[in-house]
Structure formats: structure tokens, C-alpha cells
S.K.: 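Sharing a structure, written as C-alpha cells. Questions coming.
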Amino acid sequence: MTLRQYFSLIDVQARMLLKADSSKFRLGFLWWFLEPLLWVSVFFLVFNLILDSGRKSGDFILFLACGKFAFIWFSKTVTQASGSIVASQGLVGKVNMPKSLWPMSAIQESLYRQATVYLLLLLILVLFGVYPGAAWLWMLPVAAVMYLVIVACGLIGACLVCISRDFQKVIPLAMTFLLFTSGIFWDVREIADQDKARLLLNANPLTFMVDAHRQVLMYKQAPDLWHLGLIALGAVLLIVAAIAYMRRNSQYLALKVLT
């Protein structure tokens, strides 16, 4: 199979997944926008109204929106991609296709959906008085690196779930852990211990990526390009390793899925 055929198949499957997803619920594709909005509303209610965080309401809504919209893209996509091969076990056993095709189709479907969600995020920023500027162009490399991180984690997750179904239980727990440690509803830059803040930014790439969204969109500042480049390099190396593993162990993974 050529690369052109491979990516064409990914695109076709991603579009089919989009149609299937929108047909599951009465509100259809509107859930692409409602889900992140409801999450932001819940966090705002808990942390700003009930716990009285002391933040200005408008600022905190934008803070939550930038963080949660990015995190939902990561968490939902990685979870779906991780279970995609096992969910398609009927085809896996009958069709000799690259095993990476299924997680990549789930990731691509999520990318198409996230593009519209980002438009919603930009609209929210404008409604709260944060207007477009040249600095917003930094979102292009930030979103590209975020995509690479998602691909790397999705492919690795798919391999792990094929090897042992137990990882289908572990991955959602890992997402909950990341939700509380990646600065979704708290600001890593407000940590008094700067050594601890730097450790979080360096040890957890998602913390840096969430912070980069806010720096670009809310404060119109360029992200740390050196740090962003290192994350991109690490993600690319993991992607190459995961695809090589899938190709080398294609029959083994198929057997594990079927048994």
C-alpha cells in the first residue's frame, strides 16, 4: 500500500466516523460544541461560584475554555484511538491492513471535529473582549504539535490495548490523573515554588501544551519554541517507533485482538 492510498483510506474512514458520530444522537454534530461548553460551565460553577476562587468571572471562563477545549481534544481522541483496533476486531481478522489505520482514522476524525471546536473557542474569546491579533498565528505550530502528541499517545495506547485489554481500564484513569495535574482549572504559573512549576512543565508535555494555548490566545504571547520543538521531536520519535512496532508485529497484534 502506498502512502497516498494509506492517507486516502484514513480520510475516508474519518469522514465515515464523523457521519456515524453525528447520527448517534438527536442533536447530532451540535454535541461537538455542547460537550466542551458544558464542561467549562461545570468547572466554572464548582471552582468560581461554589469554591469562590476569587478570579474575575470573564477571565476564568476564558482560562477554563482554553484549557478544557485542548484537553478534551487530547483525552477523547487518545481514548478512542486506543480502543479502535479492538473495536474493529471483525475487520482486523479478515482484512490485511496496517494496524495503524484504525487509530489514525479515529485521530483524523477528531482533528476534523476539533477544527470547528477551535472556531467556537475563538468566538468565545472575541465575545469576552479578546480580539484577534498576529500573535494568534502561533496557534498553528501549537495545534500541530498537539496533534503530534495525540498521534503518539493514540498509537501507543492502541498497541497496549491490543496486547492487554486491561489497558482499556487504565487509560481513562490516566486521563483523570492528567485532568488534575495538567493545569486545566489551575494556573501552573501561579505555583509559588517555581522549581515545582518548571518540573510540571517539563515532566508533563500536556501541562506545557495547555499553558501554550493560554499564552497565545489569552495573552497573545509566543510559546517557548525550544520547549515546543522538543515535544514535537519526542512525539515524532514515538510515532515512528509505534508504527514500526505495528508493522513488525502485525500478525501478533491481530491474534491478540481476536483472542
Side-chain angles (χ1 to χ4, degrees), residues 17-18 20-81 106-107 109-133 136 139 142-143 146-147 149-150 153 171-191 200 204-221:
L17 288 170
L18 278 176
D21 183 63
S22 63
S23 64
K24 286 180 183 177
F25 309 102
R26 185 180 297 274
L27 295 180
F29 69 88
L30 288 178
W31 276 111
W32 302 354
F33 309 106
L34 289 175
E35 183 179 9
L37 288 174
L38 289 172
W39 272 111
V40 169
S41 300
V42 169
F43 280 174
F44 178 78
L45 176 66
V46 172
F47 290 98
N48 212 52
L49 298 183
I50 297 177
L51 298 181
D52 192 14
S53 65
R55 289 177 174 271
K56 292 181 179 178
S57 295
D59 293 343
F60 193 52
I61 288 174
L62 296 182
F63 181 86
L64 287 174
C66 290
K68 191 58 184 175
F69 279 33
F71 182 79
I72 288 177
W73 182 21
F74 174 85
S75 62
K76 285 200 66 175
T77 308
V78 172
T79 301
Q80 290 173 357
I107 291 167
E109 180 241 345
S110 181
L111 175 65
Y112 294 151
R113 184 169 57 239
Q114 186 66 20
T116 62
V117 173
Y118 270 143
L119 291 177
L120 173 63
L121 177 57
L122 297 182
L123 176 61
I124 292 172
L125 287 162
V126 171
L127 290 175
F128 280 87
V130 181
Y131 298 104
W136 278 13
M139 272 305 299
V142 169
M146 187 75 171
Y147 177 76
V149 171
I150 290 171
C153 294
I171 289 173
L173 291 174
M175 293 305 162
T176 302
F177 174 78
L178 289 172
L179 173 65
F180 287 98
T181 59
S182 300
I184 308 304
F185 43 81
W186 51 271
D187 192 346
V188 66
R189 295 176 181 270
E190 292 182 355
I191 296 177
L200 279 170
N204 183 358
L206 191 57
T207 303
F208 175 83
M209 295 308 302
V210 167
D211 182 68
H213 276 73
R214 291 173 178 142
Q215 293 303 309
V216 172
L217 294 174
M218 292 180 63
Y219 309 119
K220 298 183 180 179
Q221 295 179 3

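No experiment lies behind these values; they were computed from the predicted model shown. Just the heavy atoms: all of them, side chains too, but no hydrogens, waters or symmetry mates, feed the values below.
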S.K.: Do other residues, nucleotides or ligands put more than 12 heavy atoms under 6.0 Å from the CH2 atom of W39?
M.R.: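 No, CH2 of W39 has 12 or fewer neighbouring heavy atoms, counting only those of other groups under 6.0 Å.
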S.K.: Describe, in one word, how the ring planes of H213 and Y118 are oriented to each other, choosing from parallel (under 30°), tilted (30 to 60°) and perpendicular (over 60°).
M.R.: parallel
S.K.: Let me see the working for F185 and F63 under ring-ring contact (aromatic ring centres under 6.0 Å, His included), right down to the final yes or no.
M.R.: CA-CA 8 Å; F185 43 81; F63 181 86; 9.2 Å; no
S.K.: Can you give me the closest heavy-atom contact between I107 and A81, atom names plus distance?
M.R.: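 Of all heavy-atom pairs spanning I107 and A81, the closest is CG1-CB, 3.9 Å.
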S.K.: Are any of the side-chain heavy atoms of R189 and Q215 separated by less than 4.5 Å?
M.R.: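 Yes, at least one pair of side-chain atoms sits under 4.5 Å.
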S.K.: Do you know which two heavy atoms are closest between L111 and Y147, and how far apart they sit?
M.R.: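 Closest heavy-atom pair between L111 and Y147: CD2-CE1, 3.8 Å.
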S.K.: At what distance, to the nearest 0.5 angstrom, does CG of L37 lie from CD1 of I61?
M.R.: 10.5 Å
S.K.: Compare every heavy atom of I184 with every heavy atom of L179, then report the nearest pair and how far apart it is.
M.R.: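 Smallest interatomic distance, heavy atoms only, reads O-CG1, 3.4 Å.
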S.K.: With L62, which of L121, V130, V40 fulfils side chain to side chain contact (heavy atoms under 4.5 Å, CB included)?
M.R.: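 Only match with L62 under side chain to side chain contact (heavy atoms under 4.5 Å, CB included): V130.
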S.K.: Got more than 12 heavy atoms from elsewhere within 6.0 Å of CZ, F177?
M.R.: no
S.K.: Without swapping roles, check the side chain of W136 against the backbone of L217 for a donor-acceptor pair under 3.5 Å.
M.R.: yes
S.K.: For the CG atom of L64 and the CZ atom of F69, what is their distance to the nearest 0.5 Å?
M.R.: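 It comes to 10.0 Å.
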S.K.: Is any side-chain heavy atom of E109 less than 4.5 Å from a side-chain heavy atom of T77?
M.R.: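 Not touching, per the 4.5 Å side-chain cut-off.
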S.K.: When rounded to the nearest 0.5 angstrom, what distance separates CZ in F208 from CE in M146?
M.R.: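 These two atoms lie 12.0 Å from each other.
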S.K.: My understanding is that only residues two or more places apart in sequence, or in another chain, count here; which of them pass side-chain hydrogen bond (donor to acceptor under 3.5 Å, both in side chains) with T79?
M.R.: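 None.
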S.K.: Looking at every non-hydrogen atom in both residues, tell me the closest pair between M218 and C66 and how far apart they are.
M.R.: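 Smallest heavy-atom distance, with atoms named: CG-SG, 3.8 Å.
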S.K.: Return the orientation label for the F74 and F71 ring planes: parallel under 30°, perpendicular over 60°, tilted otherwise.
M.R.: tilted
S.K.: Do S182 and N204 come close enough that some side-chain heavy atom pair is under 4.5 Å?
M.R.: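 Yes, their side chains come closer than 4.5 Å.
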S.K.: Using every non-hydrogen atom in the two residues, find where W186 and I191 come nearest and quote the distance to one decimal.
M.R.: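 Looking at all heavy atoms of both residues, the shortest contact is CZ3-CD1, 3.8 Å.
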S.K.: If every non-hydrogen atom of V78 is compared with every non-hydrogen atom of I150, which pair is closest and at what distance?
M.R.: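 Shortest heavy-atom separation between V78 and I150 comes out as CG2-O, 4.1 Å.
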